[in-house]
Amino acid sequence: MSSTIALKTGVRLVSRSAFRSGAVRTLNRGIGSRSFSSTKSSRNSSNSGSNTAENAGSNIFQLAALTASSVTLGASIFYFLFADEDSTRNEDHDDGAYKPFVPAPQSVPRSRDEILKSLKNTENYDIIIIGGGATGAGVALDAITRGLKVALVERDDYASCTSSRSTKLIHGGVRYLEKAVWHADYEQYKLVKEALHERKVFLDMAPHLSFPLPIMIPLYKWWQMPYYWVGVKCYDLLAGKRNLESSYVLTRGKALEVFPMLNDDKLKGAVVYYDGSHNDSRTNVSVALTAQELGADVINHVEVTGLKKDANGKLIGIEARDLASETPETFSVSGKSVVNATGPFSDTIRKFDNQKVPEIVVPSSGIHIVLPGWYSPKNMGLLDPATSDGRVIFFLPWQGSTIAGTTDAPCEVERNPIPSEKDINFVLKEVKHYIDGKIDVRRDDVQAAWSGVRPLVMDPAKMGEGTQGVVRNHLVTLSDSGLVTIAGGKWTTFRQMAQETVDTCIEQFNLSPVTATSQTEKVKLVGGEGWTPLRYIDLIQKYNLEPEVAQHLSENYGTRAFTVAELCTPSSSPNHPRGKRIVPSYPFIDGELLYAMRYEYATTAVDFLARRTRLAFLNSTAAFEALPSVIDVMAKELNWSKTRKDQEYEQSVEFLKGMGLRQESDKN
């Protein structure tokens with residue numbers, strides 16, 4: 001079929017390295033017969049609805065696509081011949097003989113008690129980081145790889161707020177490029193170019209947790225084809241040799257073949273471009289664990305209760321309290337610099353430093369709902385840059401389900417925001433607009449719903465300029481006492497944000513790193529070393545795992561999946577696969593729960609259900625049903641009292657309400 005697309009839309013070249021790293025991964029992600037099962041019906045639909053004008057329009061569309069493609073043919077050939085093969089992912093050069101994979105032995109990490117003891121007894125850290133989201137964990141990783149002495153404390157869990165509630169995209173910002181062109185905004189152009197660079201670095205850092213995702217923009221007017229085609233081609237060219245795959249045009253029939261759920265009324269065709277997708281909370285946990293394994297003292301469920309200052313009013317550390325203990329105690333941590341990386345809660349820490357400081361966070365939320373996987377193809381997303389109210393809506397395959405949602409709207413800062421029925425129904429309405437007549441869009445199909453708070457920031461130097469003072473990317477500030485605050489930004493650029501933050505600390509506090517420059521562009525996160533898209537087959541052959549379970553483990557734990565498999569319930573016979581599922585309809589298994597507690601510092605039921613696995617984000621009802629058994633296993637492993645078990649249940653149910661859990665009274 002790819003050859004047919006090439007003939008109808010112009011030659012599309014894919015390098016050998018792109019095929020090895022991208023195409024194989026995409027196939028492994030589940031391009032199955034389901035994605036193309038409606039080929040015949042969509043073709044018949046297209047033929048039955050055609051007329052003379054439609055045929056003429058289709059011919060014009062194809063001619064325009066072919067002409068436009070030929071313009072970039074030379075550039076494509078140049079890229080194909082001279083692209084930097086060394087920058088590709090998962091390059092393997094051997095003699096062709098199969099070599100069984102032998103995972104490196106994984107030792108049990110330091111216990112929480114050992115890390116707490118180190119925090120209390122270390123004389124002076126170079127950098128103390130408050131906040132264990134993407135940015136804070138990124139700062140810890142950047143600092144430890146430069147040879148600095150690092151501590152990080154997180155009040156809740158890694159990725160407990162914004163960093164687990166993202167769109168799951170790793171993107172340069174195709175919409176921002178459009179704005180940069182229309183407004184002749186060079187600063188916005190630079191932001192997109194930097195983000196495209198970071199997008200490729202991100203995919204290289206976490207090859208098992210991230211992958212290129214084709215995203216379709218459906219076109220319903222003829223003029224949109226050249227407009228959007230030029231836009232996505234500019235996006236490709238701006239990425240340069242770090243481009244993921246070349247964008248392309250689909251005719252009406254091919255668009256329906258790839259995305260058969262699309263409403264075909266007035267559809268003219270589509271353009272497809274590439275961005276990245278990832279499992280956000282597992283990426284966040286992996287960043288924190290990588291820093292911890294390299295020597296950083298990183299710990300979750302430790303709350304900062306105050307800042308320590310010397311006689312001159314300069315910061316010299318923090319006061320903290322261990323919330324995971326049934327009898328929490330407060331202790332001090334000393335350091336040369338303190339970084340505030342608490343996202344939407346940045347102003348809370350800033351006010352610990354100075355009560356009179358103006359607030360800089362401008363919170364903005366995005367609503368997301370999760371629908372069954374059959375709402376979208378397994379290998380293609382959809383984006384509408386302008387919905388009925390002007391917001392962007394996306395429609396993305398993720399973890400076997402479909403995420404639909406919108407972008408920013410003003411909100412208040414909350415730890416567990418609950419999406420309103422109004423917002424959920426708005427997204428359903430927009431979804432129905434695209435698949436009306438193909439699928440019955442029902443409220444009962446919403447398996448989970450959540451709202452993520454994005455911490456946009458106001459530049460303190462531009463407080464009087466209204467919305468013009470809102471920073472488009474991120475902001476690093478330094479207070480009079482020496483508090484470094486990093487806020488704003490997005491998942492894609494977390495590494496760059498961390499690099500700038502550590503650079504600031506080194507410069508301002510005369511730190512002495514072993515290596516002056518950032519090393520994280522060359523770092524593989526835990527599980528990434530030695531991983532390939534076919535690693536799940538080794539798991540099947542060695543442990544007799546179900547293929548769905550093996551692929552899930554491989555793509556969420558990388559080469560650490562072998563340790564997870566060792567912890568699973570052994571198979572009783574060759575006909576009974578290893579591992580017991582947490583819930584029957586999802587591939588999460590018992591070994592993951594033990595692994596989460598022993599290797600990934602999961603200390604609450606929500607840590608496991610929401611952030612070590614993604615069950616709460618995929619299906620809040622299924623997570624609710626699994627909750628009692630999860631608490632029982634954790635209570636046995638972590639020696640919980642009856643009181644603690646009851647507290648876990650109550651707190652977990654409250655969290656699941658923020659994930660869209662509906663009581664029977666809510667359904668009526």
Side-chain angles (χ1 to χ4, degrees), residues 127-139 152-156 159-166 187 191 303-309 313-315 317-321 337-367 407-420 450-491 493-494 497-498 500-501 504-505 508 658:
I127 299 179
I128 300 172
I129 302 147
I130 307 171
T135 305
V139 173
L152 180 149
V153 295
E154 160 59 42
R155 177 183 61 185
D156 196 333
S160 59
C161 292
T162 303
S163 297
S164 62
R165 299 167 184 256
S166 72
E187 289 302 315
L191 292 178
E303 178 184 33
V304 172
T305 58
L307 302 177
K308 290 170 53 182
K309 296 182 180 180
K314 298 296 183 181
L315 283 180
I318 62 172
E319 298 289 340
R321 179 173 56 193
S337 63
V338 178
V339 172
N340 172 18
T342 53
F345 305 99
S346 296
D347 285 328
T348 301
I349 303 301
R350 293 175 72 244
K351 288 183 181 296
F352 279 168
D353 180 40
N354 180 357
Q355 281 290 335
K356 298 180 180 179
V357 72
E359 295 185 355
I360 62 172
V361 173
V362 183
S364 179
S365 72
I367 178 71
T407 52
D408 306 331
C411 70
E412 297 295 324
V413 176
E414 298 178 72
R415 292 188 64 181
N416 190 35
I418 298 177
S420 68
W450 73 89
S451 178
V453 180
R454 181 185 177 191
L456 302 176
V457 289
M458 185 79 70
D459 188 340
K462 300 180 180 179
M463 283 296 183
E465 300 181 17
T467 57
Q468 296 300 314
V470 176
V471 176
R472 293 169 179 161
N473 195 4
H474 59 270
L475 185 69
V476 180
T477 64
L478 179 68
S479 74
D480 292 339
S481 68
L483 177 65
V484 177
T485 297
I486 170 67
K490 58 184 179 181
W491 245 117
T493 57
F494 89 97
M497 295 164 63
E500 292 179 18
T501 304
T504 299
C505 290
Q508 295 294 327

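The residues of the chain are indexed from 1 along the displayed sequence.
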- Would you say the side-chain atoms of Lys314 pair up with the backbone N or O of Asp480, donor to acceptor, closer than 3.5 Å?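 Confirmed, Lys314 side chain pairs with Asp480 backbone.
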Do [X] and [Y] have side chains that approach each other closer than 4.5 Å (heavy atoms only, starting at C-beta)?
{"X": "Glu359", "Y": "Met458", "value": "no"}
{"X": "Arg155", "Y": "Val304", "value": "no"}
{"X": "Thr162", "Y": "Pro455", "value": "yes"}
{"X": "Asn473", "Y": "Met497", "value": "no"}
{"X": "Pro363", "Y": "Pro344", "value": "no"}
{"X": "Val484", "Y": "Gln508", "value": "no"}
{"X": "Val339", "Y": "Ile127", "value": "yes"}
{"X": "Val453", "Y": "Pro417", "value": "yes"}

- Task: Apply the side chain to side chain contact (heavy atoms under 4.5 Å, CB included) test between Thr342 and each candidate in Ile130, Ile486, Ile129, Thr485; give the one that qualifies.
- Result: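 Of Ile130, Ile486, Ile129, Thr485, side chain to side chain contact (heavy atoms under 4.5 Å, CB included) with Thr342 is met by Ile130 alone.
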Shortest non-hydrogen contact from [X] to [Y]?
{"X": "Ser163", "Y": "Trp491", "value": "O-NE1, 2.9 Å"}
{"X": "Gly482", "Y": "Leu315", "value": "C-CD1, 4.0 Å"}
{"X": "Leu152", "Y": "Gly136", "value": "CD1-O, 3.3 Å"}
{"X": "Ser346", "Y": "Asn340", "value": "O-ND2, 3.0 Å"}
{"X": "Leu456", "Y": "Ser364", "value": "CD1-CB, 3.9 Å"}
{"X": "Arg415", "Y": "Phe345", "value": "CG-CZ, 3.7 Å"}

When rounded to the nearest 0.5 angstrom, what distance separates [atom1] in [X] from [atom2] in [Y]?
{"X": "Leu483", "Y": "Lys309", "atom1": "CG", "atom2": "NZ", "value": "8.5 Å"}
{"X": "Trp450", "Y": "Ile367", "atom1": "CH2", "atom2": "CD1", "value": "9.0 Å"}
{"X": "Ser481", "Y": "Arg350", "atom1": "OG", "atom2": "CZ", "value": "10.5 Å"}
{"X": "Lys351", "Y": "Lys356", "atom1": "NZ", "atom2": "NZ", "value": "11.5 Å"}

- Between His474 and Thr135, does a side chain to side chain contact (heavy atoms under 4.5 Å, CB included) hold up when you go through it step by step? CA-CA 11 Å; His474 59 270; Thr135 305; over 6 Å; no
